[in-house]
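Following: one structure in structure tokens, then a few remarks.
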Amino acid sequence: MAAAGSAVGLGNIWKFPYTAGENGGGAFVAIYLFFVIFIGFSVMLTEFAIGRRTQKSAVGAFKSTDRRWTFAGVIGVVSGLLIMGFYPVVGGWAIAYIAKVGTGLLDTPAAIGDSFGAFISNPVEPLMWMGLYLLLNIVIVMKGISGGIEKAGKILMPLLFIILIIVSVKGLMLPGAMAGLDFLFSPDFSKIDSNVILAALGQAFFSLSLGMGCMMTYGSYLKKKENLVQTTAMVTAMDTGVAVLAGVAMFPAMFAFGMAPTAGPGLVFVVVPQIFAEMGGLIGLLLALLFFIGLSVAALTSSVSLLEVVVSYLIDEKKFTRIKAVIAASSVMAILCVFASLSLGGLGPTLFDTGAFDIFDLLTDKIFLAVGGMLVCIFAGWRLKREDLEDEVTNGGEIKFPLFGLWYALVKYIIPVAIAIVAFMGISSGFDGGKGPIMLLGVAIIAGSALISKKF
């Protein structure tokens with residue numbers, strides 16, 4: 001459940017719908033589901049197996065087996081740091097919208113879209129909410145009271161799922177809503193290019209929390225009697241189900257309200273309040289409040305694990321105390337978040353005409369997570385012994401996994417090659433959209449991590 005809480009977060013409810021909207025809908029969804037089933041499941045099972053086998057988190061798992069592989073764990077830590085450079089900004093939006101809904105946002109549905117634009121471009125207000133969200137992460141990780149957030153998650157996550165179903169049903173009842181379902185589930189494969197394929201791969205990794213050390217860390221906590229295959233299947237299914245349900249909740253309503261599917265990162269904060277405003281009365285207000293409370297908790301369960309990846313590295317490898325590690329990691333994250341938040345209002349420094357928010361998103365979504373997943377597979381397939389992996393996955397032969405041979409072949413040969421091809425195509429085509437230099441910067445950071453990993 002902790003791993004599912006980590007996986008189910010803003011990646012499903014905030015990022016999946018707008019990424020699908022920007023990449024042509026149905027064709028993107030089809031490729032995303034293909035990647036989740038064949039690559040996401042395999043990489044997650046690999047991370048769980050390595051984590052439980054070594055009983056260590058990201059950097060230690062690689063380092064304890066072969067010091068030359070330390071850089072692969074370091075890339076995971078850097079990924080966690082960069083994602084936390086923009087994730088608390090969006091988490092802050094979620095908390096802010098609890099207050100906004102409670103103070104009359106739904107009273108004027110026509111102004112909801114403009115209200116969001118004015119909010120994120122304000123240089124001060126989003127920073128205050130981001131600070132509150134980051135502070136919640138710091139308190140939870142510093143005190144080691146993740147048990148409390150897990151208990152809240154056990155109640156609020158199913159509640160969020162139920163609210164998403166209610167939103168979906170309400171959205172489907174609106175006139176013109178079926179066009180949204182067609183957009184989401186009728187693939188137009190003529191819209192597919194290397195950018196769409198890379199976006200689908202990046203979304204699969206981001207949504208499932210892969211390639212950044214989270215699942216390896218959770219794997220190290222799993223008892224030896226746990227069924228890894230079953231656990232992986234459950235987490236993958238829950239995560240993907242929430243993502244698709246979020247799409248069903250958004251797109252029919254979006255088409256009914258005459259909004260463009262390419263509305264971008266603000267999608268959930270514009271479409272969902274309009275649906276609740278359409279419901280009207282106390283029920284609309286209560287559901288809206290519960291939705292944004294649930295979204296905030298879903299965000300917290302994910303970001304707490306991201307902060308923990310960096311903190312556990314500092315504790316395990318640099319011998320920091322927990323408090324010192326949390327302060328050091330969160331200080332860097334806070335600085336990155338300030339740049340990311342200001343960039344949405346056109347403020348702050350830019351690189352290649354791109355703001356910090358988009359840079360952090362691009363580097364992790366398009367480069368770091370996919371490459372991290374590829375390195376996990378190469379490490380498992382070529383550095384670890386096949387019999388050791390089989391022993392770990394089958395709990396010493398107690399659990400039957402008839403597809404072990406297929407999974408092993410995917411991990412050792414097919415997935416690394418597939419990710420390398422998709423990443424190369426995506427970086428090449430990125431130059432057409434002006435994002436190529438940023439992607440090359442990501443590759444340079446990975447190469448630099450490999451060169452200096454001995455110091456880690």
Side-chain angles (χ1 to χ4, degrees), residues 9-11 13-23 82-137 206 250 253-254 257-277 288-289 291-292 295-296 299 303 333-365 433-435 438:
L10 293 176
I13 302 162
W14 164 69
K15 202 168 196 300
F16 174 79
Y18 93 76
T19 308
E22 290 180 337
N23 288 280
L82 286 175
I83 292 171
M84 284 297 282
F86 69 90
Y87 204 101
V89 175
V90 185
W93 297 350
I95 296 176
Y97 264 65
I98 299 170
K100 285 182 179 295
V101 166
T103 53
L105 177 72
L106 306 186
D107 295 343
T108 49
I112 287 172
D114 293 336
S115 170
F116 177 75
F119 168 63
I120 64 166
S121 57
N122 183 310
V124 179
E125 193 183 353
L127 284 179
M128 291 164 57
W129 292 106
M130 178 277 291
L132 174 61
Y133 180 85
L134 195 54
L135 185 63
L136 288 171
N137 280 271
F206 189 96
M250 304 287 165
M254 200 187 321
F257 293 137
M259 294 171 64
T262 53
L267 197 60
V268 71
F269 297 96
V270 176
V271 177
V272 174
Q274 287 192 347
I275 296 171
F276 291 127
L289 285 171
F291 175 83
F292 285 109
L295 183 62
S296 301
S303 57
M333 290 168 182
I335 294 166
L336 296 177
C337 284
V338 169
F339 287 130
S341 184
L342 291 176
S343 71
L344 294 169
L347 302 171
T350 60
L351 185 65
F352 305 115
D353 296 323
T354 308
F357 188 100
D358 291 330
I359 289 172
F360 300 154
D361 188 18
L362 264 172
L363 286 176
T364 51
D365 194 42
K435 304 301 181 190
I438 294 169

_Closest contact, heavy atoms only, Phe119 versus Ala96_ = CZ-CB, 3.6 Å
*Which atom of Gly91 lies closest to which atom of Leu10, heavy atoms considered*: N-CD1, 3.9 Å
*Would a line drawn from the ring center of Phe360 to the ring center of Phe86 be shorter than 6.0 Å?*
no
*Ignoring hydrogens and geometry, is there a side-chain-to-backbone donor-acceptor pair from Ser343 to Phe357 under 3.5 Å?*
yes
*If every non-hydrogen atom of Leu289 is compared with every non-hydrogen atom of Gly102, which pair is closest and at what distance?*
CD2-N, 3.9 Å
*Apply the test side chain to side chain contact (heavy atoms under 4.5 Å, CB included) to residues Ile438 and Asp358: give CA-CA distance (whole Å), side-chain angles for both, the deciding distance (0.1 Å), then the verdict.*
CA-CA 10 Å; Ile438 294 169; Asp358 291 330; over 6 Å; no
*Relative to each other, are the rings of Tyr133 and Tyr87 parallel, tilted or perpendicular (30° and 60° limits)?*
tilted
*Residue pair Leu295 / Val272, side-chain heavy-atom distance below 4.5 Å*: no
*Do Val268 and Met250 come close enough that some side-chain heavy atom pair is under 4.5 Å?*
yes
*Given side chain to side chain contact (heavy atoms under 4.5 Å, CB included), test Phe291 with Ile13 step by step and report yes or no.*
CA-CA 11 Å; Phe291 175 83; Ile13 302 162; 4.0 Å; yes
_Test item: Asp361 and Lys15 side chains (from C-beta on) under 4.5 Å apart, heavy atoms_ = yes
*Can you find a heavy atom in the side chain of Asn137 that is under 4.5 Å from one in the side chain of Pro88?*
no
*Dump the intermediate steps for side chain to side chain contact (heavy atoms under 4.5 Å, CB included) on Met130 and Cys337, then the final yes or no.*
CA-CA 8 Å; Met130 178 277 291; Cys337 284; 3.6 Å; yes
_salt bridge (Lys or Arg N to Asp or Glu O under 4.0 Å) partners of Lys100, counting only residues at least two apart_ = Glu125
*Taking the six-membered ring for Trp, are Trp93 and Phe269 parallel (under 30°), tilted (30 to 60°) or perpendicular (over 60°)?*
perpendicular
*What closest approach, in Å, do Leu347 and Pro123 show between heavy atoms, and which atom pair accounts for it?*
CD1-CB, 3.7 Å
_What I'd like to find out is whether the side chain of Ile359 reaches to under 4.5 Å of the side chain of Leu82, using heavy atoms alone._
no
